[in-house]
*Asks:* 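Below: one structure in structure tokens.
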Amino acid sequence: MSPAATRILLAGARRRGRGLSTSSDPSPSLSPSELPRGKRWDAVVIGGGHNGLAAAAYLARAGRSVAVLERRGVLGGAAVSESDLVPGFRFSRCSYLLSLLRPALIRELELERHGLKLLPRSPSSFTPCLDGRYLLLGPDAELNRSEIGKFSKKDAEAYPRYEEQLEKFCKLMDFVIDSPPPELRQLYHASMVDRMKDKVDKSVFWSKLLGIVMQQGQKDMVNFFDLLLSPASKILNNWFEGDVLKATLATDAVIGTMAGANTPGSGYVLLHHIMGETGGQRGVWAYVEGGMGSVSSAISKAALEAGVQIVTNAEVSQVMVDETTGKVQGVALADGTELHSSVVLSNATPYKTFVDLVPANTLPEEFLCAIKTADYSSATTKINVAVDALPQFRCCKNINPAGGREHMGTIHIGSESMEEIDVAYKEAAGGFSSTRPVIEMTIPSVLDKTISPPGQHVINLFVQYTPYKLSEGSWQDPAVRKSFAERCFSLIDEYAPHFSSSVIGYDMLTPPDLEREFGLTGGNIFHGAMGLDSLFLMRPAKGWSDYRTPVKGLYLCGSGAHPGGGVMGAPGRNAAAVVLDDLKAR
């Protein structure tokens with residue numbers, strides 16, 4: 001982010017919103033028919049997900065008139081809470097934990113004042129084993145030492161050093177995440193002054209990054225690149241000997257991806273999922289009171305307070321582009337409504353934006369080819385479950401040595417070895433849903449009493465691997481869907497008997513469901529793969545990593561842009577900074 005843009009963002013944050021009572025909530029969202037006719041907006045945002053809302057908030061705080069257009073009747077995109085699926089229960093339908101949301105965004109938009117309340121988990125991880133053992137992990141170093149030591153004294157000694165090294169790498173990544181990439185594209189039509197400023201901004205970025213790299217030391221940087229390029233299995237095998245610990249850690253390297261622990265580059269995904277923090281503690285994930293929709297709600301309140309107009313049930317059918325100049329003119333809605341603006345930010349996936357919304361023949365062939373051929377594959381199914389009792393794990397039966405703590409964090413089912421994960425992945429790569437799925441189970445209602453009736457609970461099951469297109473059958477077949485859900489419940493029964501009988505109801509989202517309901521191309525929760533060929537200067541396509549696009553005035557602000565997926569807010573915040581820089585230059 002350029003120094004000028006940073007000053008604009010912070011000045012806007014200081015100028016607006018201070019001292020307002022939390023009881024005076026901003027006005028709710030509008031319908032398309034309530035929009036002012038003939039108004040010309042400074043910026044229009046496609047998609048009311050958390051990144052789109054964040055971008056809108058920053059633009060409005062800088063004094064710009066902004067409209068956000070959300071296709072669904074509820075805000076939040078994949079960071080959403082919905083209550084009408086099983087009566088009495090509120091599900092975080094897609095995303096379900098928070099850690100990656102940028103601390104600067106939380107602070108600048110004053111999200112706590114707008115209702116964001118995090119519920120840290122300790123312990124944060126529980127892996128039950130069929131042989132009666134279990135592994136608890138969390139922010140407590142002594143707990144980790146004791147628990148890992150049950151399996152390997154050597155691993156217990158190595159684990160603090162492993163965490164220390166990853167934390168060093170995370171500090172290196174913080175600067176990269178919070179900055180627009182220093183795109184190498186030539187500014188052919190820019191003035192000499194703008195070209196010089198662009199060169200200065202790029203020089204500042206690389207100078208700062210080099211300074212951070214030099215602080216790491218040569219050995220650490222070699223280890224950093226080893227992590228980026230290697231399979232997670234190689235990294236974990238070099239550090240540890242215990243299968244259960246390695247498999248538990250490996251789940252962070254494959255979650256949300258069509259990849260296994262042996263896939264080159266999966267080491268970066270492992271790092272990506274521990275780069276966040278809660279309450280200043282690195283790598284700690286938290287529940288959000290009220291579900292993940294509370295994140296989007298807090299950001300939307302900040303945006304509304306700054307003057308943003310938020311419109312729901314407003315499906316964008318086309319980005320309007322002047323055929324002569326190639327510049328954005330605004331957007332057209334499915335109902336025929338037009339909103340005029342010389343700036344449009346898209347929080348939709350790159351594929352949705354450039355293939356479905358931008359008019360044909362507007363984009364360079366090479367760019368459009370890169371967007372169409374990008375990897376949008378998904379292996380993820382989310383099952384939201386309402387139960388009438390907590391699962392009772394066999395390994396905790398009678399003496400319950402975990403003291404009830406097994407329900408606090410992420411429960412890893414079917415992850416006792418990296419080989420198990422690899423078998424499940426290979427089945428999906430062949431077009432078959434995993435015989436023994438890899439399941440991450442969380443029970444947010446243990447800490448959040450607002451989302452379920454007393455004595456009953458909400459359980460999130462994040463399940464892998466489920467290919468978008470099955471080799472046999474279809475996800476549209478109710479029998480196929482029911483069979484897979486029951487397969488997951490039966491696997492949990494092996495670890496926690498009678499889980500299946502505790503199920504009151506459930507909501508299942510397969511990759512095609514995620515695409516249809518939430519606009520996630522291919523069902524990919526990251527708006528596109530997170531491989532090394534799809535990150536930083538390569539995201540979403542080579543030559544266009546700085547949120548700008550070949551259509552002048554059209555920007556990407558979602559997870560398909562740098563630095564990628566997760567409830568992070570960085571793409572929205574960074575994109576807003578780039579837009580403000582460009583508006584200032586005009």
*Asks:* Take Trp41 and Val331 through the side chain to side chain contact (heavy atoms under 4.5 Å, CB included) test and state the conclusion after the steps.
*Replies:* CA-CA 11 Å; Trp41 302 86; Val331 301; over 6 Å; no
*Asks:* Would you say the side chain of Thr410 lies within less than 4.5 Å of the side chain of Leu97, judging by non-hydrogen atoms?
*Replies:*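 Touching, per the 4.5 Å side-chain cut-off.
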*Asks:* Given 3.5 Å as the limit, does a donor-acceptor pair link the side chain of Arg282 with the main chain of Leu166, or not?
*Replies:*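 No, Arg282 side chain to Leu166 backbone: no donor-acceptor pair under 3.5 Å.
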*Asks:* Give a yes or no on whether a salt bridge exists between Asp507 and Lys382, defined as a side-chain N under 4.0 angstrom from a carboxylate O.
*Replies:*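 Lys382 and Asp507: not salt-bridged.
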*Asks:* Rounded at 0.5 Å granularity, tell me how far CD1 in Ile525 sits from NE2 in His527.
*Replies:*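 Spacing of CD1 (Ile525) from NE2 (His527) equals 10.0 Å.
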*Asks:* Between atom CG of Leu85 and atom CE of Met508, what is the distance when rounded to the nearest 0.5 Å?
*Replies:*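 One finds 13.5 Å between CG of Leu85 and CE of Met508.
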*Asks:* Hey, are the side chains of Arg72 and Thr312 touching, using non-hydrogen atoms and a 4.5 Å cut-off?
*Replies:*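 They are not in side-chain contact.
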*Asks:* May I have the step-by-step check of side chain to side chain contact (heavy atoms under 4.5 Å, CB included) for Leu461 and Phe489, ending in yes or no?
*Replies:* CA-CA 10 Å; Leu461 302 180; Phe489 298 162; 3.8 Å; yes
*Asks:* At what distance, to the nearest 0.5 angstrom, does CG of Leu53 lie from CG of Asn347?
*Replies:*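 Atom-to-atom, Leu53:CG and Asn347:CG are 8.0 Å apart.
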*Asks:* Going by heavy atoms in the side chains, are Met275 and Asp174 under 4.5 Å from each other?
*Replies:*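 Sidechains of Asp174 and Met275: no contact.
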*Asks:* Check whether any side-chain N or O of Tyr287 sits under 3.5 Å from a backbone N or O of Met408 as a donor-acceptor pair, and report yes or no.
*Replies:*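 Yes, because the side chain of Tyr287 sits within donor-acceptor range (under 3.5 Å) of the backbone of Met408.
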*Asks:* Of the non-hydrogen atoms in Arg61 and Ala302, which two are nearest, and what is the gap between them?
*Replies:*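 Looking at all heavy atoms of both residues, the closest pair is NH2-CB, 4.3 Å.
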*Asks:* Mark yes when over 12 heavy atoms from residues, nucleotides or ligands other than Lys171 sit less than 6.0 Å from its NZ; otherwise mark no.
*Replies:*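 No, NZ of Lys171 has 12 or fewer neighbouring heavy atoms, counting only those of other groups under 6.0 Å.
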*Asks:* Going from CE on Met258 to OG1 on Thr380, what distance comes out if it is rounded to the nearest 0.5 angstrom?
*Replies:*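 Taking CE in Met258 and OG1 in Thr380, the distance rounds to 8.5 Å.
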*Asks:* Is the closest side-chain donor-acceptor distance between Thr127 and Thr248 under 3.5 Å?
*Replies:*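 Short answer, yes.
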*Asks:* For Ala79, does its backbone N or O pair with a side-chain atom of Ser296 as donor and acceptor, under 3.5 Å?
*Replies:*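 A pair under 3.5 Å: yes.
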*Asks:* Given side chains that start at C-beta, do those of Val254 and Val438 come closer than 4.5 Å, heavy atoms only?
*Replies:*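 Sidechains of Val438 and Val254: no contact.
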*Asks:* If only atom types and distance count, is the side chain of Ser29 paired as donor or acceptor with the main-chain N or O of Val311 below 3.5 Å?
*Replies:*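 Here the side-chain-to-backbone pair does not exist.
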*Asks:* Can you spot which of Val288, Thr450, Asp448, Ile299 makes a side chain to side chain contact (heavy atoms under 4.5 Å, CB included) with Ser294?
*Replies:*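 Running side chain to side chain contact (heavy atoms under 4.5 Å, CB included) over Val288, Thr450, Asp448, Ile299 with Ser294 returns exactly one hit, Val288.
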*Asks:* Please check if the side chain of Asn524 supplies one atom and the backbone of Ser377 the other of a donor-acceptor pair under 3.5 Å.
*Replies:*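 Flag set: sc Asn524 to bb Ser377 pair under 3.5 Å.
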*Asks:* Would you please test Phe499 and Val387 for side chain to side chain contact (heavy atoms under 4.5 Å, CB included) and show each step?
*Replies:* CA-CA 8 Å; Phe499 172 80; Val387 298; 4.1 Å; yes
*Asks:* Under 3.5 Å, is there a donor-acceptor pair between the side chain of Ser452 and the main chain of Phe89?
*Replies:*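 Pair absent, no side-chain N/O of Ser452 close to backbone of Phe89.
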*Asks:* Quick one: closest heavy-atom pair of Phe462 and Gly256, and the distance?
*Replies:*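 Residues Phe462 and Gly256, closest heavy atoms: CE2-N, 3.8 Å.
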*Asks:* So which heavy atom on Gly565 is nearest to which on Phe526, and how close?
*Replies:*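 Result for this residue pair: CA-CD2, 3.6 Å.
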*Asks:* Is there a donor-acceptor pair under 3.5 Å between the side chain of His340 and the backbone N or O of Gly330?
*Replies:*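 No.
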*Asks:* Would you mind reporting whether Ser31 and Asn313 have side-chain heavy atoms less than 4.5 Å apart?
*Replies:*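 Not touching, per the 4.5 Å side-chain cut-off.
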*Asks:* Using a 3.5 Å distance criterion without hydrogens, assess whether the side chain of Ser92 forms a donor-acceptor pair with backbone atoms of Met292.
*Replies:*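 A pair under 3.5 Å: yes.
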*Asks:* With a 3.5 Å cut-off and no angle check, do the side chains of Glu515 and Tyr376 form a donor-acceptor pair?
*Replies:*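 There is no such pair between these side chains.
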*Asks:* Can you check side chain to side chain contact (heavy atoms under 4.5 Å, CB included) on Tyr555 and Asp582, steps first, answer last?
*Replies:* CA-CA 11 Å; Tyr555 301 79; Asp582 288 354; 2.7 Å; yes
*Asks:* So, for Cys170 and Ile274, which heavy atoms are closest and what is the spacing to 0.1 Å?
*Replies:*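 Shortest heavy-atom contact: SG-O, 3.6 Å.
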*Asks:* Report yes or no: do Thr278 and Arg121 form a side-chain donor-acceptor pair below 3.5 Å?
*Replies:*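 No, no side-chain donor-acceptor contact under 3.5 Å.
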*Asks:* Hey, does Gln309 have a side-chain heavy atom less than 4.5 Å from the side chain of Lys39?
*Replies:*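 Contact flag for Lys39/Gln309 side chains = no.
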*Asks:* Do the side chains of Asp513 and Arg481 get close enough for a salt bridge, i.e. N-O under 4.0 angstrom?
*Replies:*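 Here Asp513 pairs with Arg481 in a salt bridge, since their nearest N and O are under 4.0 Å apart.
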*Asks:* Hey, does Val176 have a side-chain heavy atom less than 4.5 Å from the side chain of His562?
*Replies:*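 Counting from C-beta outward, His562 and Val176 do come under 4.5 Å.
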*Asks:* For the pair Ser83 (side chain) and Arg90 (backbone), establish whether a donor and an acceptor sit closer than 3.5 Å, ignoring hydrogens and angles.
*Replies:*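 Answer holds: no.
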*Asks:* Could you check whether any side-chain N or O of Ser297 sits under 3.5 Å from a backbone N or O of Gly293, counting only pairs where one atom can act as donor and the other as acceptor?
*Replies:*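 Checking the backbone N and O of Gly293 against the side chain of Ser297, no donor-acceptor pair under 3.5 Å is found.
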*Asks:* Could you measure the distance from the CG atom of Leu514 to the OG1 atom of Thr381? Nearest 0.5 Å is fine.
*Replies:*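 If I round to the nearest 0.5 Å, the distance is 7.0 Å.
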*Asks:* So do Tyr506 and Ile459 actually touch side chain to side chain, heavy atoms under 4.5 Å?
*Replies:*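 Of all side-chain heavy-atom pairs linking Tyr506 with Ile459, none is under 4.5 Å.
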*Asks:* To the closest 0.5 Å, what do you measure between NZ (Lys117) and CD (Glu289)?
*Replies:*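 Result: 4.5 Å between the selected atoms.
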*Asks:* Can you see which heavy atom on Ala485 is nearest to which on Ile383, and at what distance?
*Replies:*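 Looks like CA-CD1, 4.3 Å.
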*Asks:* For Arg93 versus Asn384, what's the shortest heavy-atom pair and its separation?
*Replies:*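 Closest heavy-atom pair between Arg93 and Asn384: O-ND2, 3.3 Å.
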*Asks:* Please evaluate residues Glu183 and Arg548 with respect to the criterion salt bridge (charged side-chain N to carboxylate O under 4.0 Å, His left out), reporting the C-alpha separation (whole Å), side-chain torsions for both, the decisive distance (0.1 Å), and the verdict.
*Replies:* CA-CA 10 Å; Glu183 185 49 67; Arg548 300 176 180 95; over 6 Å; no
